[in-house]
2 protein chains.
Amino acid sequence: MTQLEFAKKNRITPQMKKVAKDEGLEPEYICENIKKGRLVIPANPNHRIEKVCGIGEGLRTKVNANIGTSPDSVNIQEELQKLKVAIASGADAVMDLSTGGNLIKIRREILKKSSVPIGTVPIYEAVCNVTKHHRSISKMDEEDLFGAIEAHAKDGVDFVTVHCGVTLESIGRLKKEGRIMDVVSRGGAFLIEWMLTNKRENPLYERFDRLLEIARRYDVVLSLGDGMRPGALADATDRAQVQETILLGELAKTAQEYGVQVMIEGPGHVPINQIEANVILQKRLCHGAPFYVLGPLVTDVAPGYDHITSAIGGAIAAMAGADFLCYVTPSEHLRLPTVADVKEGVIASRIAAHAADIAKGVKGALDWDIKMSVMRKKRDWKGQVELAMDKERPREYRKASKPSEKDVCTMCSTYCSMKAIEKML
Amino acid sequence: MTQLEFAKKNRITPQMKKVAKDEGLEPEYICENIKKGRLVIPANPNHRIEKVCGIGEGLRTKVNANIGTSPDSVNIQEELQKLKVAIASGADAVMDLSTGGNLIKIRREILKKSSVPIGTVPIYEAVCNVTKHHRSISKMDEEDLFGAIEAHAKDGVDFVTVHCGVTLESIGRLKKEGRIMDVVSRGGAFLIEWMLTNKRENPLYERFDRLLEIARRYDVVLSLGDGMRPGALADATDRAQVQETILLGELAKTAQEYGVQVMIEGPGHVPINQIEANVILQKRLCHGAPFYVLGPLVTDVAPGYDHITSAIGGAIAAMAGADFLCYVTPSEHLRLPTVADVKEGVIASRIAAHAADIAKGVKGALDWDIKMSVMRKKRDWKGQVELAMDKERPREYRKASKPSEKDVCTMCSTYCSMKAIEKML
């Protein structure tokens, strides 16, 4: 039985209890909101997860880190290192997006080594299997696709991205609208190539029942992917994107009725003033299903710094109600991320999530900041490092620039305002 | 005559013309808004500025970079290098906040080498002069303070921070309220020490007329400093801060009537959901005077990453109407920034400013993003680098990770969505 099926029977699972404890909430709250489809727990029984996490309304905003090989960069040890660093930096979930090398081996290694839920995009494997025999993507058949999804589920993958909203209808809207960047979702692009070449509907849409059957059997959370997500600010919130969200909302309802947990994926590249509208729209059209956003990136012009463009968008999205932020690294748009990029991306995303949690009044969020401020006021440098989101960098910076008086830093040195005020007030 | 005095006579100055050209607006618009006190041009006639900039309503959001020595770190060549890097990275203005070494020499070198407006905090020099003779700050007299301000003005400083709103009244509110971090403004702390020891009102408030006389003579823009700015999220938007803003609004009006250009400084550390309210409050209480914010930082717990916490806050503040963002570097709260930190800080702040400009509909802002997206769609990598906010990092990342096919990157490699879609649509 899935977490949702248990919730429908008002039965509190060990996973619900863990999430409740982690969030400082009542297990009944977790159960009730899973039942309503407003909260998911990605926890495939075939995967032993140490850090179970809940995603959805009223919970801490969660952060996902994407790792995985590409045909140009296949190094399983490096990917496992990325996994380790992502989790150590505080990622709540990790997605293996590998498209290079032995995909099965990589996935199983990652699942084995991960203490957090693992997500994948099974169509990548289906496509890689077809193309490695020098066949075109259009030759992929339904068995390749659903076979890959089932294989992932069986291996213990906790959530899968499935681009079910890329339909003939949404492609039609896309073509009619005209876009600068067209489709930037890899899964979306694969499906469009398949659909337009074969002149057929998306199997993930047409045979959604088959997908649901697999998802329910393994309690895999369906992350309904946004193949139509904008890849340029100028393309944001257009008819193709909104059409897809309408479809995803309908599918989410069907899935929930069937007992399958669902979340919805969102943009992408969005001007800062359209972000709140995007969240409100998704929450309304998808009846409060958890919202998983990629970024959003608030400008297109800062390659090399897209962890920052995304942290801005992520914070605003999460404040407006997004529940799950997919990190973006400084390497986005330029190369496969390095291990260092992974850390930078996770921290940037966690800053966004935490800033939003303070705004949303998530339990305990502001307390952390208050504790840090008390240490700062006391000029307790060890205490500040201990409380820091990342301990490594403050430690390193302080070591590199030693003040002549121990209780200040080299920025203001003897002219430390806090030291002066302490004497006076 | 000051820019404001010219504007009051409806006379368009060469500086107004330059700003108008730079912004793609009519010189009459610039003149009209300077007259209304909604826009300033920091351009001391004693300083030859290549890149004149306007700050205020309807203009691009501007970015300031703080540089300068501290008693623990006196290296004039390094500070000049920071100046160079800040300007090359796109800072619109630079503040010299030096408190170590030969302050006069450092300031004059920076003024000589800077193509952008230079700001200072003259009280730092007044205090350094007093303390270097081992006298306490309370021994500083009015002549020390106004003498320093006049010396800066004479040297060509374009804008000065003066903490005129730190009054016995606002200190009273501060004490009554109780704060976690009390006062984190250096200038504010100096003044409080002076006022409480001498049991006297702030000379910058009591003798505001004297300040105005100097500011008018040299057309120095007064940046009315926020000595009561919150240094912790929990202290944001409290009575002391709001009291000071009320006072600054009153002083701004007096200054403008006298022909002196004014902007208002703002926080600091602010929860993301209070930022818009802070901007609305300042704009209303200060009758639309330009708003110059430091950050705001949206969480206290990420030392080492405060360029990101500030980029989030800065973007939201600028979207709500803040006109001028003071950058924050990764070293904030930890050490005097390095040259690399300066670059990182400027870029983060420019991302925030530009993202907000798109939202505000600033002329030409989105066009830049559209151009980049077109290059991205074409997979024109040179074109993308040329258009990037920072060209160095994308060039370096791409060089470090060469794809096997030239027209993609190593993230998706042969599975590039844009390449696939190009064939299909």
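In what follows, chains are A, B, ... by sequence order, proteins preceding strands, each numbered from 1.
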*Asks:* Is there a donor-acceptor pair under 3.5 Å between the side chain of B:Ser417 and the backbone N or O of A:Arg186?
*Replies:* no
*Asks:* What part of B:Met181 is in contact with chain A, defined as an atom under 4.5 angstrom from a non-hydrogen atom: side chain, backbone, both or neither?
*Replies:* both
*Asks:* In terms of heavy-atom pairs under 4.5 Å with chain A, which of B:Lys360, B:Glu193, B:His333, B:Glu392 leads?
*Replies:* B:His333
*Asks:* Using non-hydrogen atoms and a 4.5 Å limit, figure out which bit of B:Glu344 sits close to chain A: side chain, backbone, both or neither.
*Replies:* side chain
*Asks:* Out of B:Met375, B:Lys378, B:His354, B:Arg376, which one racks up the most heavy-atom pairs below 4.5 Å with chain A?
*Replies:* B:Arg376
*Asks:* Can you tell me which portion of B:His307 sits under 4.5 Å from chain A's heavy atoms? Options are side chain, backbone, both or neither.
*Replies:* side chain
*Asks:* Keeping the roles fixed (side chain from B:Asp300, backbone from A:Ser373), state whether a donor-acceptor pair exists under 3.5 Å.
*Replies:* no
*Asks:* Identify which of B:Ala400, B:Ala356, B:Ser331 forms the greatest number of heavy-atom pairs closer than 4.5 Å to chain A.
*Replies:* B:Ser331
*Asks:* Within a 6.0 Å radius of atom NZ on A:Lys175, are there more than 12 heavy atoms belonging to other residues, nucleotides or ligands?
*Replies:* no
*Asks:* Does the side chain of A:Pro303 come within less than 4.5 Å of B:Tyr397's, by heavy atoms?
*Replies:* no
*Asks:* Considering only heavy atoms and a distance below 4.5 Å, find which of A:Asp182, A:Thr69, A:Val298 pairs most often with chain B.
*Replies:* A:Asp182
*Asks:* Would you mind telling me which of B:Val301, B:Asn273, B:Ile137 has the largest number of heavy-atom pairs within less than 4.5 Å of chain A?
*Replies:* B:Val301
*Asks:* Start with the C-alpha distance between A:Ile358 and B:Ile272, add both sets of side-chain angles, then the distance that settles side-chain contact (heavy atoms from CB on, under 4.5 Å), and finish with yes or no.
*Replies:* CA-CA 8 Å; A:Ile358 294 167; B:Ile272 207 171; over 6 Å; no
*Asks:* Can you tell if the side chain of B:Thr299 reaches within under 4.5 Å of the side chain of A:Trp368, non-hydrogen atoms only?
*Replies:* no
*Asks:* So which part of B:Met372 gets closer than 4.5 Å to some heavy atom of chain A, the side chain, the backbone, both or neither?
*Replies:* side chain
*Asks:* Please test B:Glu332 against A:Met411 for side-chain contact (heavy atoms from CB on, under 4.5 Å), starting from the C-alpha separation and ending with a verdict.
*Replies:* CA-CA 8 Å; B:Glu332 187 74 21; A:Met411 182 177 256; 3.6 Å; yes
*Asks:* Please flag which part of B:Cys416 lies under 4.5 Å from any non-hydrogen atom of chain A: side chain, backbone, both or neither.
*Replies:* neither
*Asks:* What option among A:Ile192, A:Thr414, A:Ile316, A:Leu425 has the most heavy-atom pairs under 4.5 Å with chain B?
*Replies:* A:Leu425
*Asks:* Name the member of A:Ala420, A:Ser73, A:Ser185 that forms the most heavy-atom pairs with chain B at distances under 4.5 Å.
*Replies:* A:Ser185
*Asks:* Taking every non-hydrogen pair under 4.5 Å, which of B:Gly68, B:Cys128, B:Gly188 racks up the most with chain A?
*Replies:* B:Cys128
*Asks:* Which answer fits A:Tyr124, side chain, backbone, both or neither, if we ask what part of it has an atom under 4.5 Å from a heavy atom of chain B?
*Replies:* neither
*Asks:* CD1 of A:Ile351 to OG1 of B:Thr309: how many Å apart, nearest 0.5 Å?
*Replies:* 6.0 Å
*Asks:* Just so I understand: if I count every heavy-atom pair under 4.5 Å between each of A:Val374, A:Leu387, A:Ile370, A:Ile347 and chain B, which residue has the most?
*Replies:* A:Ile347
*Asks:* Would A:Thr197 and B:Met424 count as a side-chain contact (heavy atoms from CB on, under 4.5 Å) if you check the C-alpha gap in whole Å, the side-chain angles of each, and the deciding distance to 0.1 Å?
*Replies:* CA-CA 8 Å; A:Thr197 311; B:Met424 298 310 303; 3.5 Å; yes
*Asks:* Give a yes or no on whether the backbone of A:Gly304 and the side-chain of B:Arg393 come within a donor-acceptor separation of less than 3.5 Å.
*Replies:* yes
*Asks:* Applying side chain to side chain donor-acceptor pair (under 3.5 Å) to A:Ser413 and B:Asp72, what does each step give before you reach the verdict?
*Replies:* CA-CA 6 Å; A:Ser413 177; B:Asp72 279 339; 3.1 Å; yes
*Asks:* Side chain, backbone, both or neither: which part of B:Lys423 has an atom under 4.5 Å from a heavy atom of chain A?
*Replies:* side chain
*Asks:* Determine, step by step, whether A:Arg335 and B:Arg398 satisfy the side-chain contact (heavy atoms from CB on, under 4.5 Å) criterion, reporting the C-alpha distance in whole Å, the side-chain angles of both residues, the deciding distance to 0.1 Å, and the verdict.
*Replies:* CA-CA 6 Å; A:Arg335 66 176 184 192; B:Arg398 214 172 140 74; over 6 Å; no
*Asks:* Would you confirm whether A:Ser70, through its side chain, and B:Cys412, through its main-chain N or O, come within 3.5 Å as a donor-acceptor pair?
*Replies:* no
*Asks:* Using a 4.5 angstrom heavy-atom cutoff, name the option from A:Cys409, A:Ala348, A:Gly313 with the most pairs to chain B.
*Replies:* A:Cys409
*Asks:* Identify which of A:Ile171, A:Leu97, A:Ile180 forms the greatest number of heavy-atom pairs closer than 4.5 Å to chain B.
*Replies:* A:Ile180
*Asks:* Give the minimum heavy-atom separation between B:Val127 and A:Tyr415, together with the two atoms involved.
*Replies:* CG1-CE2, 3.9 Å
*Asks:* What are the two closest non-hydrogen atoms of B:Ala315 and A:Ile312, and how far apart are they?
*Replies:* CB-CG2, 3.6 Å
*Asks:* Heavy-atom distances under 4.5 Å only: say whether B:Asp341 touches chain A with side chain, backbone, both or neither.
*Replies:* side chain
*Asks:* Which region of B:Leu174, side chain (C-beta onward) or backbone (N, CA, C, O), has a non-hydrogen atom less than 4.5 Å from a non-hydrogen atom of chain A, or is it both or neither?
*Replies:* side chain
*Asks:* Checking B:Leu334 against chain A: side chain, backbone, both or neither under 4.5 Å from a heavy atom?
*Replies:* both
*Asks:* For the candidates B:Ala232, B:Ala388, B:Gly231, B:Ser404, which exhibits the highest count of non-hydrogen atom pairs separated by less than 4.5 Å from chain A?
*Replies:* B:Ser404
*Asks:* Please check if the number of heavy atoms outside B:Glu276 that lie under 6.0 Å from its CD is greater than 12.
*Replies:* no
*Asks:* Give, for atom CG of B:Asp235 and atom NZ of A:Lys377, the distance between the pair rounded to the nearest 0.5 Å.
*Replies:* 9.5 Å
*Asks:* Counting only non-hydrogen atoms closer than 4.5 Å, does A:His269 touch chain B with its backbone (N, CA, C, O), its side chain (CB onward), both, or neither?
*Replies:* side chain
